[in-house]
Amino acid sequence: MTASNPLFADRLIAWQEQYGRHDLPWQVSDPYRIWLSEVMLQQTQVGTVIPYFLNFIARFPDVAALASASPDDVLAAWSGLGYYSRARNLHRAAQMLVNSHGGHFPQAPEALIELPGVGRSTAAAIAVFAFGARAAILDGNVKRVLARWAGIEGWPGEKRVENTLWQLAESLLPSSGIAGYTQGLMDLGSQVCTRTRPCCGACPVKEDCVACIAGRQSQLPAPKPRKTIPERHVVLLLIRDARGRIFLERRPPAGIWGGLWSLPEAQDTLSAASLCACRYGVNVDFDPPLPDVRHTFTHFHLAITPLPGAVNGAVVVTDSGTGWFDLVDIETLGLPAPVRRLLK
DNA sequence: AAATCGGGGAG
DNA sequence: CTCCCAGATTT
């Protein structure tokens with residue numbers, strides 16, 4: 001049902017006609033402008049591309065003009081867009097078109113993909129918009145739309161996930177109205193099915209969207225797995241009083257270990273004493289730090305430096321967010337696992 | 001500060 | 001094949 005639902009394309013086409021974009025400067029029949037826009041849009045947003053596009057076609061109105069331009073002039077027209085290999089590839093491709101294709105664009109995606117700077121998705125987009133070919137695109141917007149609609153798990157940068165998405169994209173193609181459908185996918189991804197806070201109320205395929213139905217819009221598509229999990233470091237203070245009790249502090253309600261009793265936390269070993277005096281009104285003599293303890297969370301590593309110390313003199317009365325506890329009582333307290341381990 | 005984006009090129 | 005990069009922009 002999902003992989004071959006004809007209604008998906010029909011709803012998208014109808015939505016695009018009413019709500020999609022129809023007046024972009026590259027929504028023309030000229031393959032040159034379509035190609036140029038697709039390359040510019042590869043890593044750059046529509047709003048940024050428009051002025052560059054207009055300037056570019058003013059300077060280089062067709063393939064022949066671009067092919068005969070100097071590399072410096074092409075780069076100059078590209079300056080500010082970034083990813084300058086796109087401009088160099090564009091220039092090379094224009095010369096290939098003039099020298100090997102009589103200045104005309106080949107129509108098949110398999111031929112278009114031979115041009116430098118044109119990959120599978122860009123080749124399909126050109127073939128669709130310029131020649132009405134029945135081909136699937138898969139850019140970032142489309143990946144997001146399809147991953148959400150079909151509930152495809154995993155990070156789309158992963159080969160397996162990307163293959164699944166390509167397969168799905170091919171299977172959803174309509175038998176007619178390919179240009180409106182393709183434009184609709186792009187428009188939906190950029191205007192409705194946005195990365196954060198998608199406007200699902202305005203979506204034409206919300207009725208059978210897995211992410212929308214399950215409320216999993218923020219989880220699909222899965223984000224890129226962090227290669228290096230961030231490393232954070234804290235100093236946890238093991239403060240004892242004369243009776244051997246340990247000083248604990250209740251953590252703020254939100255954030256890590258929210259609301260749990262925990263050891264006081266310092267930025268570093270040097271600032272610990274002044275922190276205790278200032279914040280808790282106690283004078284603490286600290287011993288040398290104990291060896292670090294590592295604890296791994298889902299999204300970061302935490303290196304804990306345990307810093308033992310003892311209060312000298314009378315203990316000042318504390319507020320309800322802090323307290324002195326006997327080790328036996330600590331057993332029954334809600335403590336973060338690494339803190340509990342530390343206290344043993 | 002970290003993620004994003006499609007294609008090319010290196011390994 | 002599988003990484004890793006380019007760069008401006010967004011979060």
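In the text below, chain A, chain B and the rest are named by the order of the sequence lines, each starting its count at 1.
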Q: Ignoring backbone atoms, establish whether A/Arg144 has a side-chain N or O less than 4.0 Å from OP1 or OP2 of B/dC5.
A: yes
(Q) Contact list please: residues 132-139 of chain A against DNA chain B, heavy atoms, distance less than 4.0 Å, in numerical order. (A) A/Asp139
Q: Send over the distance from A/Lys224 NZ to C/dT2 P, rounded to a whole Å.
A: 15 Å
Q. Between A/Tyr83 and A/Lys159, which has a closest nucleotide on DNA chain C that is more 5'?
A. A/Lys159
Q) Can you check whether A/Ser85 has a side-chain N or O nearer than 4.0 Å to OP1 or OP2 of B/dG7? A) no
Q. Do A/Trp26 and A/Leu54 share a hydrophobic cluster, counting only Ile, Leu, Val, Met, Phe, Trp and Tyr and linking them when any side-chain heavy atoms are less than 4.5 Å apart?
A. yes
**Q.** Atom pair distance, as rounded to whole Å: CZ in A/Arg120 and C1' in B/dC5
**A.** 18 Å
Q) Could you give the CD-to-C1' distance, from A/Glu158 to C/dC1, as a whole number of Å? A) 15 Å
(Q) I'd like the P distance from C/dA6 over to B/dG11, given in whole Å. (A) 14 Å
Q) Does A/Ser175 have any side-chain contact (heavy atoms from CB on, under 4.5 Å) partners at least two apart in sequence or in another chain, and if so, which? A) none
Q) Which of residues 34-55 of chain A sit near DNA chain C, with a heavy atom under 4.0 Å from it? A) A/Gln43, A/Gln45
Q. For A/Trp155 and B/dG6, what is the distance between atoms CH2 and C1' respectively, to the nearest whole Å?
A. 13 Å
**Q.** A/Tyr84 vs C/dA8: side-chain N/O to OP1/OP2 distance below 4.0 Å
**A.** yes
(Q) Can you measure A/Ile113 atom CD1 to B/dG8 atom P for me and round it to whole angstrom units? (A) 8 Å
Q. Taking only residues at least two apart or on different chains, which pairs with a member in residues 120-141 of chain A satisfy side-chain hydrogen bond (donor to acceptor under 3.5 Å, both in side chains)?
A. A/Gln42-A/Thr122, A/Arg120-A/Glu170, A/Asn141-A/Arg144
Q) With rounding to whole Å, what would you report as the distance between C/dT9 and B/dG8 at their P atoms? A) 23 Å
Q) How long is the line joining CG of A/Asn89 and P of C/dA6, in whole Å? A) 15 Å
Q) Sequence neighbours excluded, which residues qualify as side-chain contact (heavy atoms from CB on, under 4.5 Å) partners of A/Arg250? A) A/Trp261
**Q.** Residue pairs passing the side-chain hydrogen bond (donor to acceptor under 3.5 Å, both in side chains) test where at least one lies in residues 155-166 of chain A, sequence neighbours excluded
**A.** none
Q. What is the nucleic acid contact for A/Asn141, judged by heavy atoms within less than 4.0 Å: base, sugar-phosphate only, or nothing?
A. nothing
Q. Is there any salt bridge (charged side-chain N to carboxylate O under 4.0 Å, His left out) pair reaching into residues 38-67 of chain A, and which pairs are they, with sequence neighbours excluded?
A. none
Q | Residue list, side-chain hydrogen bond (donor to acceptor under 3.5 Å, both in side chains) with A/Arg279, at least two apart or on another chain | A | A/Glu249
Q. Nearest-Å distance, CZ (A/Arg88) to C1' (B/dG8)?
A. 11 Å
Q | Nucleotide nearest A/Ser121 when distance is taken to its side chain, options B/dG7, B/dG8, B/dT4 | A | B/dG7
Q) How far does CD1 of A/Ile330 sit from CG of A/Leu327, to the nearest 0.5 angstrom? A) 5.0 Å
Q. Is there any side-chain hydrogen bond (donor to acceptor under 3.5 Å, both in side chains) pair reaching into residues 191-202 of chain A, and which pairs are they, with sequence neighbours excluded?
A. none
Q. For DNA chain B, whose closest nucleotide is more 5', that of A/Arg86 or that of A/Arg92?
A. A/Arg86
Q. Contact class for A/Arg195 (heavy atom, under 4.0 Å): base, sugar-phosphate, or nothing?
A. sugar-phosphate
(Q) Expressed as a whole number of angstroms, how long is the span from A/Arg197:CZ to C/dT11:C1'? (A) 12 Å
Q) If you round to the nearest 0.5 Å, how far is CG of A/Asp285 from CG of A/Asn312? A) 4.5 Å
